[in-house]
Peer 1: 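So that we are looking at the same thing, I have put the structure below in structure tokens.
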Amino acid sequence: MRKLMVVGNWKMNLTSSTASELAVQIRDGSTTNTNTVEVVFCPPAPYLKLVSGLIEGTSIGLGGQDVSGKGPGAFTGETAAEMLLDVGCKWTIIGHSERRTYHNETDSVINQKIKRAIQLGLNVFLCVGEKKEERQNNQTEALLEMQLNGAFTDLETSALERIVIAYEPVWAIGTGLVATNEQAEAAHAYIRSWISTRFGASVAGDMRILYGGSVKADNALGLLSQPNVDGALVGGASLDAKSFNSIIQSAADSSSTK
Ligand code: 13P
């Protein structure tokens, strides 16, 4: 059985003091059995070390929000995989739609980042998802296929053990327009079938596919109960400890039905 995951993408929010408060409130407030649900925080880069110290000795994991596809050197403003590992990260997000949109990240850049992150020993949340027009034009699967083809170019099957896919429809991110349970399930099933065709049924069966886009305490259970939805990548609601802990609880509740 795939272990459910609930991941908080804090994006470019918080201060060192509010980030600490949030980390501690979630750490101490969650009563969920960590054998059932895996929890990861992705704070802004300047707070990684701070949050790392606060979750040390717990089962909560730490991830970067992005990573460079290059090795350490003259790349102003970038963060190397070595640096994420150095401050306690086991994870990094790659290919978030905000990186694709505001930083022109192409599938080939994303592929380079994935390869390097995995080579260095990080686990990856690979984000994919269609824009509103693409959904309206029935191009969701074509777009997902293109992004998956690009991201997985020249990847060995063994690399997939380190990858979790996050399906994040762009129109649902930060808009309150959450995908319906059926829309999420259909996209996740498509992604799993793509993985199965390319890498085999066993790899596809083990692959965790998270949903992201306006996940809140009141819609999490329905989404997480879908057979192909293995967790949530949460933006806005991850900044509120009560909401985030309630989403973690929904994941635990849904796992008993799978
Ligand atoms: P929201 O939960 O704020 O819609 O953000 C989703 C997201 O982009 C997570 O990576």
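One-based numbering, in listed order, for ligands and for the atoms of each. Quick caveat: nothing in here was measured; it's all calculated off a predicted structure.
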Peer 1: For ligand 1, which part of Leu233 has a heavy atom less than 4.0 Å away: the side chain, the backbone, both, or neither?
Peer 2: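 Looking at Leu233 and ligand 1, atoms from backbone and side chain both fall under 4.0 Å.
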
Peer 1: Under a 4.0 Å threshold between the charged nitrogen and the carboxylate oxygen, would Lys3 count as salt-bridged to Glu38?
Peer 2: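 No, no charged N to carboxylate O under 4.0 Å.
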
Peer 1: Provide, to 0.1 Å, the distance between atom 5 (O) of ligand 1 and the closest protein heavy atom, together with that atom's residue and name.
Peer 2: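 Closest protein heavy atom to atom 5 (O) of ligand 1: Lys11 NZ, 3.2 Å.
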
Peer 1: Can you tell me the protein heavy atom closest to atom 2 (O) of ligand 1 and the distance?
Peer 2: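 Answer, as residue, atom name and distance: Gly235 N, 2.9 Å.
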
Peer 1: Can you tell me which residue and heavy atom of the protein come closest to atom 3 (O) of ligand 1, and the distance to 0.1 Å?
Peer 2: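 That would be Gly236 N, 2.8 Å.
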
Peer 1: Looking only at protein heavy atoms, which one is nearest to atom 9 (C) of ligand 1, and how far off is it?
Peer 2: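 Of every protein heavy atom, Glu168 OE2, 2.9 Å lies nearest to atom 9 (C) of ligand 1.
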
Peer 1: Within the structure, is a non-hydrogen atom of Gly174 found at a distance of less than 4.0 Å from ligand 1?
Peer 2: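 Within the 4.0 Å threshold, so yes.
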
Peer 1: Below 30° counts as parallel, above 60° as perpendicular, anything between as tilted: where do the rings of Phe125 and Trp91 land?
Peer 2: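 Ring orientation of Phe125 relative to Trp91: parallel.
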
Peer 1: For a quick check under 3.5 Å, do Gln249 and Asn245 share a side-chain donor-acceptor pair by atom type?
Peer 2: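 Note: Gln249 and Asn245 side chains miss the donor-acceptor criterion.
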
Peer 1: Please evaluate residues His96 and Ile173 with respect to the criterion side chain to side chain contact (heavy atoms under 4.5 Å, CB included), reporting the C-alpha separation (whole Å), side-chain torsions for both, the decisive distance (0.1 Å), and the verdict.
Peer 2: CA-CA 11 Å; His96 193 280; Ile173 296 178; 4.2 Å; yes

Peer 1: Can we say Asp107 and Arg100 salt-bridge, meaning some charged N sits less than 4.0 Å from an Asp/Glu carboxylate O?
Peer 2: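 Salt bridge present between Asp107 and Arg100.
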
Peer 1: Should Ala172 be listed as contacting ligand 1, given a heavy-atom distance under 4.0 Å as the test?
Peer 2: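 Ala172 counts as a contact of ligand 1 under the 4.0 Å cut-off.
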
